[in-house]
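Taking it in order: structure first as structure tokens, then the write-up.
As the structure lists them, so they are numbered: ligands from 1, and atoms in each ligand from 1. Starting from 1, each residue takes its place in the sequence as its number. Note: hydrogens, waters and symmetry copies are ignored here, and every other heavy atom, side chains too, is used.
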Amino acid sequence: MEFIRSLPAVAAEHRRKTGRPFVTLSYAQSLDGCITGRPGVGLALSGRRSLVLTHQLRARHDAILVGIGTVFSDDPRLNVRLVDGKNPRPIVVDSRLRIPLNAKLLTENRRKLWVVTGENPDHDTRKAIESSGARIISIPSNSRCLLRLDLMLEKLGELGINSIMVEGGSRIITNFLMDHLANSLVLTMAPVILNGLKGVQDLGATLPENYLRLSHCNFKRLGEDIILWGDLT
Ligand SMILES: NC(=O)c1ccc[n+]([C@@H]2O[C@H](COP(=O)([O-])OP(=O)(O)OC[C@H]3O[C@@H](n4cnc5c(N)ncnc54)[C@H](OP(=O)(O)O)[C@@H]3O)[C@@H](O)[C@H]2O)c1
């Protein structure tokens, strides 16, 4: 797909202009918009061909990000295994440094993990995580006690990250959308109805003019899944 090939150049230009990395929101959902059947429990939704595409996308991004909720439920590695290509820098958003020291992101990913957390993290917990090779990045929280994702992007831009693939979970997806921080969306739709955890929670947009829309929307069938992609800003 052309947008995957052109992504590094588009992202470099985006960071040059804005100082922030280009953000691709990419996750798999059911026909009824759920990313898992039961909250807190991981579920493999994508078929094999969509998974290969996900790994191609990972290999074209400088970094890949999930929330700590996803670490607890899926214990992901977030590396590139199904195609040839470089592993993106793994990043976890974890305001209270709850990441378990035996998480695969700390033990099984060759790229060292960056943990984005709040200001003044607990000294001993910080040292324990750093001793496994991870880097701690502190940013302020907002009035909802969530980390300021806009400031995180500025910091990651300063650290040389041109592009980030955001894989979830639900709270992370919702807050990237709510704060208008995602530049593009790549959605895998699996032919199943789950009645489980919605990928997108309340965005507070009640007026039609405030609804988020995709532009330059495209789709493609891969095996049983449909891949839908487009621009969010
Ligand atoms: N289908 C898919 O493609 C896919 C992909 C990924 C995950 N998932 C599923 O998603 C579920 C996990 O979703 P989740 O909503 O529970 O967890 P999540 O979005 O992975 O992580 C949310 C946590 O991140 C921390 N956080 C800090 N600042 C934040 C901010 N500004 N915005 C959002 N989160 C922030 C909060 O914990 P602290 O307050 O402790 O920092 C928050 O509870 C799992 O069941 C997983 O299997 C599905």
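If you look at Ile172 next to ligand 1, the close heavy atoms, those under 4.0 Å, come from the backbone and the side chain alike. Counting heavy atoms closer than 4.0 Å to ligand 1, residue Leu197 contributes side-chain atoms (C-beta onward) but none from N, CA, C or O. Residue contacts with ligand 1, taken as heavy atom pairs separated by less than 4.0 Å, involve Ser73 solely via side-chain atoms from C-beta onward.
Close contacts between ligand 1 and Tyr27 involve ligand atoms 3 (O) [criterion: under 4.0 Å to a heavy atom]. The Ser95 neighbourhood of ligand 1 comprises atoms 38 (P), 39 (O), 40 (O), 41 (O), with distances under 4.0 Å to a heavy atom of that residue. Of all atoms in ligand 1, listed by their number and element, those nearer than 4.0 Å to a heavy atom of Gly40 are 45 (O). Within ligand 1, counting atoms from 1 as listed, the ones closer than 4.0 Å to a heavy atom of Asp94 are 41 (O). The ligand atoms of ligand 1 that sit less than 4.0 angstrom from a heavy atom of Gly67 are 18 (P), 20 (O), 21 (O). Listed by number with element, the atoms of ligand 1 under 4.0 angstrom from any heavy atom of Gly42 are 47 (O).
The closest donor-acceptor contact from the side chain of Arg110 to the backbone of Lys112 lies at 3.5 Å or more, if one exists at all. A donor-acceptor pair is defined here as one N or O able to donate and one able to accept, closer than 3.5 Å; such a pair exists between the side chain of His55 and the backbone of Arg81. Here the side chain of Thr70 pairs no donor or acceptor atom with the backbone of Val66 at under 3.5 angstrom. Side-chain atoms of Asn87 do not come within 3.5 Å of backbone N or O of Arg111 as any donor-acceptor pair.
Here's the thing with Pro39: none of its N/O atoms is less than 3.5 angstrom from an N/O atom of ligand 1. Checked against a 3.5 angstrom limit, the closest N/O atoms of Leu149 and ligand 1 fall outside it. At least one N or O atom of Asn175 sits closer than 3.5 Å to an N or O atom of ligand 1. The shortest N/O to N/O separation between Thr70 and ligand 1 falls below 3.5 Å. Some N or O of Leu147 is nearer than 3.5 Å to an N or O of ligand 1, by distance alone. Ligand 1 has no N or O atom lying under 3.5 Å from any N or O atom of Leu146, backbone or side chain.
The closest non-hydrogen atom to atom 43 (O) of ligand 1, taken over Arg98, Gln29, Arg171, Arg96, comes from Arg171. For atom 4 (C) of ligand 1, the nearest non-hydrogen atom from the set Lys198, Met178, Glu167 comes from Glu167. Closest heavy-atom approach to atom 2 (C) of ligand 1 within the set Gly169, Gly196, Cys145, Ala28: this belongs to Ala28. Closest heavy-atom approach to atom 13 (O) of ligand 1 within the set Gly69, Gly199, Ser170: this belongs to Ser170.
When only non-hydrogen protein atoms are considered, atom 8 (N) of ligand 1 lies nearest to Ile35 CD1, 3.8 Å. Closest to atom 37 (O) of ligand 1 among all protein heavy atoms lies Ile68 CG2, 3.4 Å. Of all protein heavy atoms, the one lying nearest to atom 27 (C) of ligand 1 is Val93 CG1, 3.4 Å. If you check which protein heavy atom lies closest to atom 47 (O) of ligand 1, you get Asp74 OD1, 2.7 Å.
Hydrophobic cluster membership differs between Ile193 and Val200, with clusters built from Ile, Leu, Val, Met, Phe, Trp and Tyr side chains linked at under 4.5 angstrom.
No side-chain heavy atom of Val92 sits under 4.5 Å from any side-chain heavy atom of Leu65. For the pair Asn195/Cys34, no side-chain contact is recorded, criterion being any heavy-atom separation below 4.5 Å from C-beta on. Between Met189 and Asp225, the closest side-chain pair of non-hydrogen atoms is not below 4.5 Å. Leu53 is listed as a side-chain neighbour of Ile4, based on a closest heavy-atom distance under 4.5 Å.
Under a 4.0 angstrom heavy-atom cut-off, Val66 registers as lying outside contact with ligand 1.
Looking only at atom types and distance, the side chain of Arg148 has no donor-acceptor partner in the side chain of Asn142 under 3.5 Å away. Judged by distance alone, the side chains of Ser26 and Glu167 never bring a donor and an acceptor atom under 3.5 Å apart. No donor-acceptor contact under 3.5 angstrom links the side chains of Asn162 and Arg16, judged on distance only.
Glu130 has no carboxylate O lying under 4.0 Å from a charged side-chain N of Arg135, or vice versa, which leaves the two without a salt bridge.
Between Trp229 and Phe3, the ring centre distance stays below 6.0 Å.
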